[in-house]
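Here is the structure we will look at, set down as structure tokens.
We count ligands from 1, going down the list as the structure has it; atoms in each ligand are counted the same way.
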Amino acid sequence: MTVPTFVPHVIAGAQQAASNAKTLNNINPWTMSHQGEVARGSVRDIESAVAAARSAFDDGPWPRMSERDRAAVLHRLADLMHRDAALLARADALDMGRPLVSATAVDVPRAADMFRFFADHLTMSTSDRYPMGSAYHAYTDYRPAGVVAAITPWNHPLMLGTWKIAAALAWGNTVVMKPAEDSPTSAFLLAGLALEAGVPPGVFNVVQGLGAEAGSALTASEQVDRITFTGSTATGRLVAHAAAATLTPVCLELGGKGASIVLADADLELAAATTAQAVFNNSGQVCLAGTRVLVHTSVREEFVHRLVAEAHRLRVGDPFDPATDLGPLASQRQSERVRGYFDLITDEGGTVVTGGPLDGWSFAPTVAVGVPPRARVAQEEVFGPVATVTEFDDEDDAVRLANDTRYGLTCVVFTQSLRAAATLPARLRCGTVWVNCYQVRDLRAPIGGRGDSGIGREGGDFSREFFTEPQAVFLATS
Ligand code: ADP
């Protein structure tokens, strides 16, 4: 099997071109050349996908199946993802430049695990019963919410998609997913595997197209019961607006500008290696990144030296070369955006120690010092491999700098002090804190942010809350 050169919708189990036959170009970010076409979904296409999901929910077997049977289908889907891992990995590598090695070793297994986890979570979930004497029997049940609209970004296409789809499907919903226009293929492949695994037609639909066309039509639909969105803060505001009009519950996982805080007593070798991962992984195209690097004055020089050495160790190149650590930026638009921010570093008074633009849309891991904390490049999400290093003198100062942002997604703390490790998280205004580690995940834990980083949480029971309607039942026993 090969990656298709035309990526259609999958609606009610059938592959379909756009009803008006319009297409978008799919550009390979490494070669910067045209590699295929994508259906450009129209309002009509979105309506037909939502209608398919609606009828699969209202009349189909999926929400009515036993939890055990639904879980078995999702485990089968995870098995098929492993069978086709090479193809799924290739799709993301071709679409957005993810190094094939990382896509194969990390992304596909993690994406498959999402289905296993939420299948198991479903079958092991319990709900509350409320003792009310012998006259009544009272309990809560979690009913599937209905049709879920899932709009996903291009930076980790398969992983961020499955994070939503797996939970939504496990809890008995039907789904219309719109992947980003720059990374359409893995979602299309996933829809095929879902059908093969036994997910009934119409339960998992994928529509392709532009955000302003297909995406906004999906969020405006009155037939949708939940909207889950991962993407930029600006688009998140539009999605929230659309959700308000129909009073549809919405979960928004938006941008970030996480702080990596290196205290004076940190293990600097660990801090530098982990910070490099937190800033440069996936060429910085990660909302959870810790790009505002805050370092205690006493260790600043040594830390910067080590971070620069880490940056030099990373190989930027062809996503299909096994030696490549970082692929190109995902699109011309993204490349222009990161270059624009790179130019701001010096305009705003900072100094580039290493890094900068390379050929094509590639970008070398960049470390900048002396950028004022309120400068745009230190405040706005670059979504590229750019670290700005700022000094602080004491812990209060570090906390103040870390919280001086409109975002509130993640923070990373490096310290060997048990007291600092235990007390700092409560002072940091963000959804996730990693202490002496980065990107450690457990699917039971909440993911989500505060402020401009979004609304709501997904993961384990948090996903259940969002993707179901908890229903209280009071039963008179006589
Ligand atoms: P970026 O600007 O980095 O591409 P976006 O937040 O715009 O990030 O994109 C994330 C997802 O949101 C993509 O699938 C995109 O197509 C979609 N999108 C963009 N604009 C809208 C919109 N107005 N309504 C709904 N979805 C949208």
Side-chain angles (χ1 to χ4, degrees), residues 7 9 18 22 24-27 29 38-43 45-47 49-50 92 95-98 148-165 175-188 190 205-221 224 226-246 248 250-257 282-289 329-341 361 380-384 407 409 449 452-455:
V7 186
H9 307 309
K22 286 193 178 170
L24 299 165
N25 289 329
N26 186 359
I27 307 294
V38 188
R40 178 172 171 173
S42 64
V43 173
D45 300 344
I46 285 23
E47 281 171 356
V50 171
D92 279 359
D95 280 357
M96 53 70 65
R98 178 77 168 151
V148 172
I151 299 182
T152 55
W154 45 261
N155 55 323
H156 279 298
L158 185 65
M159 261 197 318
L160 294 179
T162 49
W163 173 236
K164 298 176 179 309
I165 307 309
V175 173
V176 179
M177 174 183 184
K178 196 206 82 66
E181 47 272 41
D182 289 328
S183 56
T185 313
S186 54
F188 162 74
L190 188 66
N205 307 276
V206 175
V207 288
Q208 307 291 351
L210 296 174
E213 295 174 2
S216 73
L218 187 54
T219 56
S221 171
V224 161
R226 291 288 185 278
I227 300 172
T228 171
F229 171 83
T230 300
S232 65
T233 300
T235 304
R237 287 204 164 85
L238 298 176
V239 171
H241 236 269
T246 53
T248 305
V250 63
C251 186
L252 303 173
E253 296 190 28
L254 309 179
K257 191 75 182 176
N282 207 33
S283 298
Q285 303 166 119
V286 180
C287 53
L288 306 173
L329 296 168
S331 63
Q332 180 167 12
R333 189 168 63 106
Q334 194 54 22
S335 163
E336 284 167 4
R337 171 194 170 119
V338 176
R339 282 162 190 254
Y341 278 110
W361 299 341
E380 297 175 16
E381 187 178 42
V382 175
F383 227 55
Y407 292 107
L409 198 53
D452 276 6
S453 292
I455 298 175

Counting heavy atoms only, name the option from G215, G211, S331 that's nearest to atom 22 (C) of ligand 1. G211

Decide whether [X] and [Y] meet the rule of one side-chain donor and one side-chain acceptor closer than 3.5 Å.
X	Y	answer
T235	S232	yes
N205	H9	no
K164	T230	yes

Need the ligand 1 atom indices (1-based, order shown) with element for anything under 4.0 Å from a heavy-atom of [X].
X	value
I151	11 (C), 12 (O), 14 (O), 17 (C), 25 (C), 26 (N)
A180	13 (C), 14 (O)
W154	1 (P), 3 (O), 4 (O)
F229	6 (O), 11 (C), 12 (O)
E181	15 (C), 16 (O)
L238	23 (N)

Just heavy atoms, cut-off under 4.0 Å: does [X] contact ligand 1 by side chain, backbone, both, or neither?
X	answer
Q334	neither
T152	backbone
P179	backbone

Atom CD in Q285, atom CG in N155: separation rounded to 0.5 Å? 7.0 Å

SB check R237 D452 (cutoff 4.0 Å): yes

Any ion pair linking K257 and E380 (charged N to carboxylate O, less than 4.0 Å)? no

Closest protein heavy atom (residue, atom, distance) for atom 20 (N) of ligand 1: T235 CG2, 3.4 Å

To the nearest 0.1 Å, how far is atom 4 (O) of ligand 1 from its closest protein heavy atom, and which atom is that? R333 NH2, 2.6 Å

Would you say ligand 1 has an N or O under 3.5 Å from any N or O of T230? no

How far apart are the closest heavy atoms of C287 and L254, and which atoms are they? CB-O, 3.7 Å

ring-ring contact (aromatic ring centres under 6.0 Å, His included) against W154, all qualifying residues, sequence neighbours excluded: F383

For Y407, which residues count as a ring-ring contact (aromatic ring centres under 6.0 Å, His included) partner, sequence neighbours excluded? none

Look up atom 9 (O) of ligand 1 and tell me if a protein heavy atom lies less than 4.0 Å from it? no

